[in-house]
Amino acid sequence: MSERLLPPEEVAIEPISVRISTAVRITGICRSTIYELIGDGTIETVKIGRSTFILYPSLKRLFERS
């Protein structure tokens, strides 16, 4: 039996991380609250150079608790 491959535009890919501005846009949480959640360890981040990235699974867990 051959397996049908989906075209790339039909494959749902979850990001590994998002920038803070993207997290604000997709969650509706204001920027200052995002920084508070980062500060208290609720949201995990990774710094690469001067950029801060929020780990996407960490952001999802925030809404699974609600």
Side-chain angles (χ1 to χ4, degrees):
M1 177 194 282
S2 70
E3 186 176 321
R4 181 178 158 256
L5 296 176
L6 294 173
E9 63 274 4
E10 290 185 30
V11 177
I13 299 174
E14 190 171 281
I16 296 169
S17 64
V18 295
R19 291 181 181 268
I20 291 173
S21 58
T22 302
V24 168
R25 191 174 70 250
I26 65 176
T27 64
I29 298 172
C30 70
R31 187 178 206 79
S32 60
T33 301
I34 293 283
Y35 279 108
E36 287 176 18
L37 293 168
I38 291 169
D40 70 15
T42 302
I43 296 176
E44 299 171 81
T45 61
V46 173
K47 289 276 286 180
I48 300 177
R50 295 186 305 169
S51 299
T52 300
F53 295 92
I54 296 174
L55 298 179
Y56 194 70
S58 175
L59 197 58
K60 281 179 59 175
R61 279 192 301 273
L62 180 67
F63 288 92
E64 291 170 355
R65 292 186 222 168
S66 300

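Quick caveat: nothing in here was measured; it's all calculated off a predicted structure. Just so it is clear, the values below take in all heavy atoms, side chains as well, and ignore hydrogens, waters and symmetry mates.
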To the nearest 0.5 angstrom, please state how far the [atom1] atom of [X] sits from the [atom2] atom of [Y].
| X | Y | atom1 | atom2 | result |
| --- | --- | --- | --- | --- |
| I29 | L37 | CD1 | CG | 6.0 Å |
| L59 | T45 | CG | OG1 | 12.0 Å |
| I43 | T33 | CD1 | OG1 | 9.5 Å |
| L55 | I16 | CG | CD1 | 9.5 Å |

- request: Would you list the pairs meeting side chain to side chain donor-acceptor pair (under 3.5 Å) in which at least one residue belongs to residues 18-28, sequence neighbours left out?
  value: R19-S51
query: Quick one: salt bridge (Lys or Arg N to Asp or Glu O under 4.0 Å) pairs with a partner in residues 30-42, sequence neighbours left out?
result: none
task: Among residues two or more places apart or on two chains, list those pairs meeting salt bridge (Lys or Arg N to Asp or Glu O under 4.0 Å) that have a residue in residues 41-54.
output: E44-R61
query: Which atom names give the shortest non-hydrogen contact between S58 and T42, and what distance separates them?
result: OG-O, 3.6 Å
field: Nearest heavy atoms of Y56 and P15, plus distance in Å
entry: CB-O, 3.2 Å
Same apolar cluster: V18 and V46, side chain cutoff 4.5 Å: no
